[in-house]
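Have a look at the structure below, then the notes.
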Amino acid sequence: MEQKEATEVQSVAMSAFERKMEQDLPIEPKDHMPEGYRKHLIRQMSQHAHSEVIGMQPEGNWITRAPSLRARQILLAKIQDECGHGLYLYSAAETLGISRSEMVEQLHTGKAKYSNIFNYPALNWADVGAIGWLVDGAAIVNQVSLQRTSYGPYSRAMVRICKEESFHQRQGYELMAKMMRGTAEQREMAQDAMNRWWWPSLMMFGPHDTDSPHTGDAFKWKIKRQSNDELRAKFIDKTVQQAEVIGLTVPDKDLKWNEEKGHYDHGVINWDEFYKVIGGNGPCNAQRMAHHKKTHRDGAWVREAAAAYMAKQESIA
Ligand code: FAQ
């Protein structure tokens, strides 16, 4: 009898989830949800959070070497925003029943990934511009779409994050535009940065739809609203125009406007490189992880102090 009642409660809760899905209403932390939906979100949201945090490293190297106080202030504010994005996303993921320390553990053991793009080095000041313009530019295209994702805490985090990312994209574009108005050497540096960051930025959208194992469930549960290829095409269309305006050349000889599709056709993406990088063997994977682990270890006393303070407050209350 008890078993029967439990099954009935379960099926009422499941149909509430399905109704919300049909009506495009957000799923909230206390709603019943299929286990697969919860796991899918934990995977994606924790990887997204890790990307924001690891993403501070390539730009962080340039804070002390920024060419002016204005440039340094802007870069510092941007990197601080990325840290904040990581924190919102960890908090949003925690509402699904995983702790922050478990997520960090998964990152450290290699179970959880982070974006391919942060495994490339930022070699010079033009790279800071390319990261803001191309990497944040790609991130925004993906995140604007995620504002309509079905899980309430994730979609609300995206609304705020997108506002900040659009400032990041503009600061990167401004930096590149300024370099393109500079000396021949500065123009060369900007073009070289574009050449190195273009293809990894296209990879940020993930494998082609035909090779993307998670897309089926992501569409079924309205986690994704647009596919990897649709978003990549959107990014290419708008970025090619921006490059033309400031005189940069897109490093793709096969790039061609396709009148019929209303999008650019692009050359072949090097997926071997992508899988190598996300498998842990990119140019900076070892360095990024070693740095994260060390910083995490060094910060243990802060976490311990915060926990002791919380315990003290609770004992007083
Ligand atoms: N990098 O089946 P799919 C930023 C993995 S934030 C690494 O297509 P899905 C801000 C994927 O996880 C950038 N791995 O997967 C910033 C899966 O492996 P798994 C981060 C990737 O989830 C700027 C496998 O390949 N943004 O940049 C990547 O449906 C500047 C199969 O792939 C987000 O995370 C990749 N690029 O689609 C910060 C957005 N792509 O998990 C600092 C949220 C795929 O089975 C400075 N995430 N993989 O081991 C998403 O929208 C999706 O997760 C996708 C991938 C589109 C990234």
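Here, residue 1 is the first one in the sequence, and each next residue gets the next number. Just so you know, ligand 1 is whichever comes first in the structure, and atom 1 is the first atom listed for that ligand.
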Task: Subset of ligand 1 atoms that lie under 4.0 Å from at least one heavy atom of Met204 - done: 27 (O), 36 (N), 57 (C)
Open item on the list: Please confirm whether Glu59 approaches ligand 1 to less than 4.0 Å, judged on its heavy atoms.
Closed with: yes
Task: Close approach, Ile79 and ligand 1, non-hydrogen under 4.0 angstrom - done: no
Open item on the list: When you compare the side chains of Lys224 and Ser145, does any donor N or O come within less than 3.5 Å of an acceptor on the partner?
Closed with: no
Task: Asn116-ligand 1 polar pair, N/O distance under 3.5 Å - done: yes
Task: Asn228 N/O to ligand 1 N/O under 3.5 Å - done: yes
Open item on the list: For His48 and Tyr114, I'd like to know if the aromatic rings sit close, meaning centre-to-centre distance below 6.0 Å.
Closed with: no
Task: Under 3.5 Å side-chain donor-acceptor pair for His208 and Asp229 - done: yes
Task: Region of His48 that comes within reach of ligand 1 [heavy atoms, distance under 4.0 Å] - done: both
- [ ] Determine, considering heavy atoms only, which of Gln143, Glu82, His50, Gln226 sits nearest to atom 16 (C) of ligand 1.
- [x] Glu82
Open item on the list: Are any of the N/O atoms on Ser212, whether in the backbone or the side chain, positioned under 3.5 angstrom from an N/O atom of ligand 1?
Closed with: yes
Task: Heavy atom of protein closer than 4.0 angstrom to atom 54 (C) of ligand 1 - done: no
Task: Residue of the set Thr95, Leu96, Thr149 for which side-chain contact (heavy atoms from CB on, under 4.5 Å) holds with Tyr154 - done: Thr149
Open item on the list: Considering both backbone and side-chain atoms of Ile278, is one of its nitrogen or oxygen atoms within less than 3.5 Å of a nitrogen or oxygen in ligand 1?
Closed with: no
Open item on the list: With nothing but distance in play, are any N or O atoms of Met56 less than 3.5 Å from an N or O of ligand 1?
Closed with: no
Open item on the list: For the aromatic rings, using the six-membered ring if either is Trp, is the centroid distance between His296 and His108 under 6.0 Å?
Closed with: yes
Open item on the list: Show the atoms of ligand 1 that are less than 4.0 angstrom away from any heavy atom in Glu52.
Closed with: 6 (S), 10 (C), 16 (C), 38 (C)
TODO: Go through ligand 1 atom by atom and flag the ones less than 4.0 Å from a non-hydrogen atom of Pro207.
DONE: 8 (O), 32 (O), 44 (C)
- [ ] Answer side chain, backbone, both or neither: which part of Ile117 comes under 4.0 Å from ligand 1, heavy atoms only.
- [x] neither
TODO: Give a yes-or-no answer on whether the side chains of Glu164 and His85 include a donor-acceptor pair shorter than 3.5 Å.
DONE: yes
Task: Identity and separation of the nearest protein heavy atom to atom 21 (C) of ligand 1 - done: Phe274 CZ, 3.8 Å
- [ ] Starting from atom 30 (C) of ligand 1, find the nearest protein heavy-atom neighbour and note its residue, name and distance.
- [x] Asp136 OD2, 3.4 Å
TODO: Check the angle between the aromatic planes of Phe235 and Trp198 and answer parallel, tilted or perpendicular using the 30° and 60° thresholds.
DONE: parallel
Task: Positive for side chain to side chain donor-acceptor pair (under 3.5 Å) with Asp81, one of Lys163, His168, Arg160 - done: His168
Task: Test side chain to side chain donor-acceptor pair (under 3.5 Å) applied to Asp209 and Asn228, step by step - done: CA-CA 6 Å; Asp209 298 349; Asn228 298 1; 4.8 Å; no
- [ ] Please state which part of Leu146 comes within less than 4.0 Å of ligand 1, counting heavy atoms only: side chain, backbone, both or neither.
- [x] side chain
- [ ] For Gln147 and Ser155, test the side chains for any donor-to-acceptor distance below 3.5 angstrom and give the result as yes or no.
- [x] no
TODO: List every atom of ligand 1 that sits less than 4.0 Å from any heavy atom of Met203, numbering the atoms from 1 in the order shown and giving each element.
DONE: 36 (N)
Open item on the list: Membership question, hydrophobic clusters at under 4.5 Å side-chain separation (ILVMFWY): are Ile131 and Met180 in the same one?
Closed with: yes
TODO: Distance to 0.1 Å, residue and atom name: give those for the protein heavy atom nearest to atom 56 (C) of ligand 1.
DONE: Phe205 O, 3.6 Å
Task: More than 12 heavy atoms of other groups within 6.0 Å of Lys222 NZ - done: yes
Open item on the list: So, 4.0 Å and heavy atoms of Tyr154: is ligand 1 close enough to count as a contact?
Closed with: yes
Task: The one among Glu164, Gln47, Met158 that brings a heavy atom closest to atom 12 (O) of ligand 1 - done: Gln47
Open item on the list: Take a 6.0 Å sphere around CZ of Arg170 and say whether it holds more than 12 heavy atoms from other residues, nucleotides or ligands.
Closed with: no
Open item on the list: Counting only heavy atoms not in Gln313 (residues, nucleotides, ligands), do more than 12 fall under 6.0 Å from its CD?
Closed with: yes
TODO: Only heavy atoms count here, so choose which of Gly206, Gly132, Ala218 is nearest to atom 40 (N) of ligand 1.
DONE: Gly206
Open item on the list: Please tell me whether Asp237 and Gln241 have a donor and an acceptor in their side chains that are separated by less than 3.5 angstrom.
Closed with: no
Open item on the list: What I want to know is whether Arg43 and ligand 1 share at least one N or O pair that is separated by under 3.5 angstrom.
Closed with: yes
Open item on the list: Please check whether Lys224 reaches ligand 1 - meaning an N/O of the residue sits under 3.5 Å from an N/O of the ligand, judged on distance alone.
Closed with: yes
Task: Within-cut-off N or O pair, Lys113 and ligand 1, under 3.5 Å - done: yes
- [ ] Please verify whether a non-hydrogen atom of Glu165 lies at under 4.0 Å from ligand 1.
- [x] yes
Task: Donor on one side chain, acceptor on other, Ser99 and Glu102, under 3.5 Å - done: yes
TODO: Using a strict 4.0 Å cut-off to heavy atoms of Gly55, name the atoms of ligand 1 that fall inside it.
DONE: 42 (C), 46 (C)
Task: Lys78: numbered ligand 1 atoms lying under 4.0 Å from its heavy atoms - done: 30 (C), 46 (C)
Open item on the list: Tell me the protein heavy atom at minimum distance from atom 39 (C) of ligand 1, and give that distance in Å.
Closed with: Asn142 OD1, 3.2 Å
Open item on the list: Distance under 4.0 Å to a non-hydrogen atom of Tyr114: what atoms of ligand 1 satisfy this?
Closed with: 1 (N), 7 (C)
TODO: Output the list of atoms in ligand 1 that are nearer than 4.0 Å to some heavy atom of Ser115, sorted by atom number.
DONE: 1 (N), 7 (C), 36 (N)
TODO: Verify the ring-centre separation between Trp257 and His263: is it less than 6.0 angstrom?
DONE: no
- [ ] Spell out, as yes or no, whether a donor-acceptor pair under 3.5 Å connects the side chain of Asp31 to the backbone of Glu28.
- [x] yes
